[in-house]
Protein chains: 2
Amino acid sequence: MKKITNLKALAEHLGLSQTTVSRALNGFPEVNHKTRQIVQAAAQKLNYKPNARAKRLATGRSMAIGHLVSVSKGHEIVNPIFADFIAGASARYIESGYDLLLSLVPDENELSAYSDLVARDAVDGVIIHTPKEDDPRLKRLNELNLPFVVHGRSTKSNEVYNWVDVNNERAFFRATEFLIDLGHRSIALVNGMTDMDFVIRRTTGYQRALSKNDIESQTSYILNGEMTEPYGYRSAIALLDRPIPPTAIIASSMLVANGIRRGIEESGLKMGRDISVLSHDDDLSYFRDESEVPVYTATRSSVREAGYKSADLLIKTIENPTRPREGILLEANLIIGSSTRPAVR
Amino acid sequence: MKKITNLKALAEHLGLSQTTVSRALNGFPEVNHKTRQIVQAAAQKLNYKPNARAKRLATGRSMAIGHLVSVSKGHEIVNPIFADFIAGASARYIESGYDLLLSLVPDENELSAYSDLVARDAVDGVIIHTPKEDDPRLKRLNELNLPFVVHGRSTKSNEVYNWVDVNNERAFFRATEFLIDLGHRSIALVNGMTDMDFVIRRTTGYQRALSKNDIESQTSYILNGEMTEPYGYRSAIALLDRPIPPTAIIASSMLVANGIRRGIEESGLKMGRDISVLSHDDDLSYFRDESEVPVYTATRSSVREAGYKSADLLIKTIENPTRPREGILLEANLIIGSSTRPAVR
DNA sequence: AAGCAAATTCAAACCGCTTTGAATACAATA
DNA sequence: TATTGTATTCAAAGCGGTTTGAATTTGCTT
């Protein structure tokens with residue numbers, strides 16, 4: 001039995017035209033029922049799969065989604081939430097047969113990377129990660145007319161675009177107010193780099209809760225930095241070293257919270273007893289805590305779900321480009337764990 | 001000025017044939033120097049980029065590398081080292097113009113996912129992540145004649161293949177012997193799932209060090225599980241609860257080590273004083289510790305570098321398929337931090 | 001100035017699929 | 001049975017590049 005590697009061979013093998021075979025396999029209605037059965041059975045048996053390259057060229061669609069992650073030269077951090085986000089998105093792509101194209105782009109070339117992708121016609125759409133407060137990428141993508149979804153938002157941009165975001169403002173408002181209700185008055189916020197949109201939103205939520213409760217917001221209680229474990233540690237050490245240390249600390253990620261805990265314990269204190277810690281929790285698979293009472297009180301929101309929904313929204317937009325742009329706001333749950341306690345005074 | 005979107009238009013614009021323009025852009029020697037200059041200048045100015053889809057079909061090459069990550073239905077963990085590995089590989093792909101295709105595959109379809117990829121002719125090669133001790137994927141890929149590189153090894157497989165791996169056996173041998181030299185005699189190993197090759201190699205190294213030093217290897221000191229933070233925590237609690245708790249613990253990853261530390265501190269002990277901890281450190285960007293004395297004594301090996309080297313090896317193999325298969329063994333550094341101390345007895 | 005090899009350029013075929021427009025087969029109608 | 005309509009099938013023309021084999025220039029020789 002000769003090897004069937006392309007449509008032509010399959011068509012000849014069946015004594016049919018390529019047209020008919022192609023249509024039979026792609027579910028066109030004008031093919032005789034019986035013929036279709038035969039064709040499908042043969043394709044199955046001979047393990048015929050249409051060549052992806054040829055298909056892409058012929059249809060003019062890439063059947064691929066680009067994820068462009070910008071990598072800064074200075075601080076080369078790969079966002080740890082990335083893997084879980086991708087896992088969620090990927091699940092959705094598989095359902096519709098899209099491939100996932102990943103490009104890590106040095107951020108000085110970022111804009112041109114998008115133009116290239118379009119010029120090369122390599123993807124049908126892209127997902128934007130960690131947008132800035134006024135992210136130039138959105139404008140560029142709209143100009144290029146390439147469908148895209150932002151994971152997060154770009155508050156100061158006046159572009160129209162699709163996005164999927166956690167309600168960071170409210171989550172951190174609630175987190176802060178929760179601590180205030182426990183009697184805490186000096187609450188620190190160990191946040192990420194200020195050029196990221198979500199960092200700003202979180203700060204806003206935090207400050208709104210303070211001012212609503214007539215607590216003076218001390219800027220010295222707000223720290224910003226690359227969200228690593230050592231950063232959490234250094235932040236805790238620095239905060240506890242203050243003349244008046246905070247009685248509660250809010251962390252922007254579990255990784256940071258882990259560092260904070262380390263700093264606290266190294267200072268001879270105990271988290272949840274001497275000082276409260278509340279973290280945002282992206283529900284990453286390798287931090288998932290199955291115990292009855294979670295270690296950390298946290299605002300939890302699954303980044304994997306965000307990935308799935310972003311992918312879903314993007315696919316809808318690709319398949320119907322005139323679809324109005326949509327924003328999806330995910331609410332975080334406030335989960336009570338054992339890292340928070342009423343303030344002792 | 002009309003928009004130049006394809007070769008034909010560019011050729012007409014220049015009054016040249018497609019052939020010549022194509023050759024000028026692709027650096028063929030038989031093009032007049034002056035002509036080439038003109039063509040290149042025009043392409044640059046008009047921002048002409050050859051259509052990726054057409055190019056792939058015409059050349060028969062996908063210019064894409066597949067990373068197939070298997071996701072188990074039961075324990076849906078995305079390996080946290082993945083992001084950094086990809087970052088390293090991506091840097092290498094960019095140098096040679098390859099795209100990175102990422103597929104998360106439910107592991108029951110794993111083998112067929114590879115066949116599909118080949119049948120669809122979607123990638124020029126693949127990277128295999130976290131191989132098992134006798135991984136069926138290697139045989140399959142060799143049969144399919146698709147170039148690949150394994151990140152790690154498959155000890156019991158008798159296939160011939162490219163691989164890039166850390167010398168896990170030696171790293172853990174050294175780690176264990178280091179602790180023994182400090183006087184430790186009961187050393188626990190908190191390792192990953194036993195179906196992964198590197199887990200087995202690490203166990204082997206650990207055991208070899210014990211037996212070399214005439215220490216009876218107690219299997220009860222070897223724990224296996226999904227390498228998460230909570231797993232590290234539970235392991236520490238369980239170990240410390242033993243009638244004779246270990247005086248030192250070796251952790252298979254920083255995340256696990258963090259959990260172990262949490263368990264230790266929760267038990268009222270102090271890591272590095274009451275009990276020693278030594279971890280393997282993949283040098284992940286979000287754990288990178290810039291302080292003078294690292295927190296953890298660790299066997300350190302950059303997974304990002306492994307990513308870069310794997311990509312490099314794969315590209316070499318793709319561009320020269322007859323190239324003999326190669327294995328690259330990376331040695332881990334033993335970095336002394338403050339989590340280890342001589343055993344008190 | 002003719003002759004010939006080397007340097008350039010070009011028209012056309014090809015990669016493997018989809019899709020258009022025409023052709024053929026079959027069934028129903030008059 | 002001739003006619004008309006509908007269901008199927010097909011040959012050929014793209015998609016946008018690369019590559020083969022032939023044609024045209026150009027540069028030297030004699």
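Letters A, B, ... are given to chains in the order of the sequence lines, protein chains preceding strands, and every chain is numbered from 1.
Here the side chain of Arg36(B) pairs a donor or acceptor atom with the backbone of Ala24(B) at under 3.5 angstrom. A donor-acceptor pair is defined here as one N or O able to donate and one able to accept, closer than 3.5 Å; no such pair exists between the side chain of Ser154(A) and the backbone of Pro131(A). In this structure, Ser302(A) contributes its side chain and Arg304(A) its backbone to a donor-acceptor pair below 3.5 Å. Here the side chain of Asp135(A) pairs a donor or acceptor atom with the backbone of Lys132(A) at under 3.5 angstrom. With hydrogens and angles ignored, the 3.5 Å screen pairs a side-chain donor or acceptor of Thr317(A) with a backbone N or O of Leu313(A).
The NZ atom of Lys8(B) sits 13 Å away from the C1' atom of dG17(D) (whole-angstrom rounding). Rounded to whole Å, the distance from CG on Leu7(B) to P on dA11(C) is 14 Å. His33(A) has its NE2 atom 12 Å from the P atom of dT9(D), to the nearest Å. A straight line from CD1 of Ile4(A) to P of dC17(C) spans 11 Å, rounded to a whole angstrom. Rounded to whole Å, atom P of dT9(C) lies 15 Å from atom CG of Leu10(B). Residue Arg36(A) contributes atom CZ, which lies 10 Å from atom P of dT8(D) at whole-angstrom precision. Counting to the nearest Å, the P atom of dT24(D) and the CG atom of Leu16(B) are 17 Å from each other. Nucleotide dT18(C) holds its P atom 10 Å from the CG atom of Asn51(A), rounded to whole Å.
Considering only the side chain of Gln18(B), dG17(D) comes nearest among dG17(D), dT8(C), dG16(C). Set against dC17(C), dT9(C), dG16(D), the side chain of Leu57(A) has dG16(D) as its closest nucleotide. Each of dT8(C), dA11(C), dG17(D) was ranked by its minimum atom distance to the side chain of Ala54(B); first place goes to dG17(D). Counting only heavy atoms from C-beta on, Glu30(A) has its side chain closest to dT9(D) among dT18(D), dG16(C), dT9(D).
The shortest side-chain heavy-atom distance between Arg153(A) and Leu329(A) falls under the 4.5 Å cut-off.
For Thr35(B) and dT9(C), the shortest distance from a side-chain N or O to OP1 or OP2 is below 4.0 Å. Between Lys55(A) and dG16(C), a side-chain N or O to OP1/OP2 separation shorter than 4.0 Å is absent. Contact check, Tyr48(A) against dC17(C): a side-chain N or O comes under 4.0 Å of OP1 or OP2.
Salt bridge Lys156(B)/Glu133(B): present, at least one basic N to carboxylate O contact under 4.0 Å. Electrostatic pairing of Asp99(B) and Arg56(B) counts as a salt bridge here, judged by a charged N lying under 4.0 Å from a carboxylate O.
Heavy-atom distances under 4.0 Å link DNA chain C to Thr19(A), Ser22(A), Arg23(A), Asn26(A), Phe28(A) of residues 19-28 of chain A, given in residue order.
Along DNA chain C, the nucleotide nearest to Pro50(A) and the one nearest to Pro29(B) differ in position, and the one closer to the 5' end is contacted by Pro29(B).
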Stepwise salt bridge (charged side-chain N to carboxylate O under 4.0 Å, His left out) check, Asp121(B) with Lys55(A): CA-CA 11 Å; Asp121(B) 221 344; Lys55(A) 191 160 192 162; over 6 Å; no

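Test Val123(A), Leu104(A), Leu100(A) against His67(A) for side chain to side chain contact (heavy atoms under 4.5 Å, CB included) and you get one pass: Leu100(A).
Rotation axes derived from the C1' atoms of the five outermost pairs at either end of the helix from dA1(C)-dT30(D) to dA30(C)-dT1(D) lie 60° apart, to the nearest 10°.
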